[in-house]
There are 2 protein chains.
Amino acid sequence: MHSDHDDLSIIRTVSLTSALERQLERLIVEGELGPGDRLNEIQLATRFGTSRGPLREATRSLEAKGFVEVIRNRGVFVRQLSISDAIEIYDVRTALFALAGKLLAERMSTGIEHMLVELVEKMEIASRDADLDAYYPLNLKFHDTIVGGAGNELMAQEYLRYVKKMHLFRQKSLIQGGGLEVSNEEHKEMLEALLARDPIRARDTHWQHVENAKQRMLSAVT
Amino acid sequence: MHSDHDDLSIIRTVSLTSALERQLERLIVEGELGPGDRLNEIQLATRFGTSRGPLREATRSLEAKGFVEVIRNRGVFVRQLSISDAIEIYDVRTALFALAGKLLAERMSTGIEHMLVELVEKMEIASRDADLDAYYPLNLKFHDTIVGGAGNELMAQEYLRYVKKMHLFRQKSLIQGGGLEVSNEEHKEMLEALLARDPIRARDTHWQHVENAKQRMLSAVT
DNA sequence: ATCGTATCTTCTGCCGACAATTAACAGTTT
DNA sequence: AAACTGTTAATTGTCGGCAGAAGATACGAT
């Protein structure tokens, strides 16, 4: 039995295609469809109660976004990322996150300031307690706050896309780029640059942060 | 009458959908379909001799790539970029190009080295002669060489996408981000960093270069 | 003359069906 | 038993058609 998430009756404002796209993306990101799996058109269309037309349109969009791969006459497959793919994505993410840091430093508001300070403090505590379950969502929110607060919608959108895309990498546990204390030390440096409203330093510390995360991931993989 | 570019009979290896997508992208980038224009499904399907199904799939892909906008029950429209859109794209391009510079500095080959040196020399001449027609393609090739030589396929692909996307900006003439001599001075600095195999300096000079181009564009627009 | 309204036309959204291709299977041969 | 080959089943690619929404047009009221 499928979960009731599969419902897409909310359609009337958004198109059926985009609703289907969201559903398929959910199936992929949540792991119901794993890397390499084929998206059976008939089966999925039946499951969501639509015809194959809109479903095919949705998969074409997902293909353009890099979540699936279409092979003519053979079908649509969830993309599999090699290590070198993961490196490429990480590097692009690095550049985008550096941009986020720079832009945020240029338009820092007290609201975001307080939020980031609080998050770093909480992460400090979680780090001391070695409480990964507490640390992980805080870390996520810290990055989201920076990316979302930078005021560049395109960058934020693309950044989010790449974060999602990393879930297609086989070694899921390694995505995080672990290292609690190390990571939060870097957060403090980033925060310092942001509080100082120093775009260049913010850009460089943010760049370094993701680059370090990449290195931690790589040393864990190899 | 349509040009004979419209032919897509080469299909047997690639899908009809992707061939259509390429054709539509061509129509947009070459300007036959300008910003704000509607893509009439029936008309385009007839023109390319297909049914509406594959055509719709192609437009969904173009939508995901940001070239067109789909409005439910109203149609597909070529995207119009506002100035703030252009700024966002420029900033993302800046970050990606900085990444290109860094990566290239890390894996610089003598082949690319010679190519870049030659291009800068030729641009120097064109700059002295104020020969914009000669300068423009050299400048383009200079940037392509850097982006293509960096060894990150994803970054190269995305960078190219954004360059194309800038064509949707109304003020086409301003895309270039002019300023011949100024621009080539920056090229020399970038080249220096690359020849020195200095990733950080390469990253920073490349970042600054696109950022300056953005500023030149903005001061020309406002 | 202008505005609002009703009608008609055009176009999109979605579906079901058929053709073409690929994958699965069984039978045969070596 | 493994490899090859012919046949069947499953799946994708493409098409044409119908319902419904948006847009255009014509008409009438003020």
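Chain naming here is simple, since letters A, B, ... match the order of the sequence lines and numbering starts at 1 in each. In this text, all values refer to a predicted model and were calculated from it rather than measured experimentally.
Considering only the side chain of Ile42(A), dT11(D) comes nearest among dT11(D), dC15(C), dC15(D). Here dT12(D) is the nucleotide among dG13(D), dT14(D), dT12(D) with the atom lying nearest to any side-chain atom of Arg38(A).
Considering only side-chain N and O atoms, Arg52(A) lies nowhere under 4.0 angstrom from the phosphate OP1 or OP2 of dT11(D). The phosphate of dG13(C) has OP1 or OP2 within less than 4.0 Å of a side-chain N or O from Arg56(B).
Remark: Tyr162(B) engages no residue in a ring-ring contact (aromatic ring centres under 6.0 Å, His included) (not counting sequence neighbours). A search for salt bridge (charged side-chain N to carboxylate O under 4.0 Å, His left out) contacts involving Glu153(A) returns nothing, not counting sequence neighbours. A search for side-chain hydrogen bond (donor to acceptor under 3.5 Å, both in side chains) contacts involving Gln80(A) returns nothing, not counting sequence neighbours. Under the rule for a salt bridge (charged side-chain N to carboxylate O under 4.0 Å, His left out), Lys141(B) has no partner lying at least two apart in sequence or in another chain. Residues satisfying the salt bridge (charged side-chain N to carboxylate O under 4.0 Å, His left out) test with Glu88(A), not counting sequence neighbours, are none.
When heavy atoms are screened at a 4.0 angstrom cut-off, Leu39(A) is found touching the sugar-phosphate backbone but no base atom.
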Between N or O atoms, less than 3.5 Å apart, protein on one side and nucleotides 22-25 of chain C on the other: list the pairs.
{"from": "dA23(C)", "atom 1": "OP1", "to": "Arg74(A)", "atom 2": "NE", "distance (Å)": "2.4"}
{"from": "dA23(C)", "atom 1": "OP1", "to": "Arg74(A)", "atom 2": "NH2", "distance (Å)": "3.3"}

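Rounded to an integer number of Å, the gap from Leu55(A) CG to dG13(D) P is 12 Å. Spacing between atom CD of Glu41(A) and atom C1' of dT14(D) amounts to 12 Å, rounded to whole angstrom units. The CG atom of Leu16(A) sits 6 Å away from the P atom of dC15(C) (whole-angstrom rounding). When rounded to the nearest whole Å, the span between CD of Glu57(A) and C1' of dC14(C) equals 9 Å.
Using a distance-only test at 3.5 Å, with no hydrogens or angles considered, a donor-acceptor pair links the side chain of Thr59(A) to the main chain of Arg56(A).
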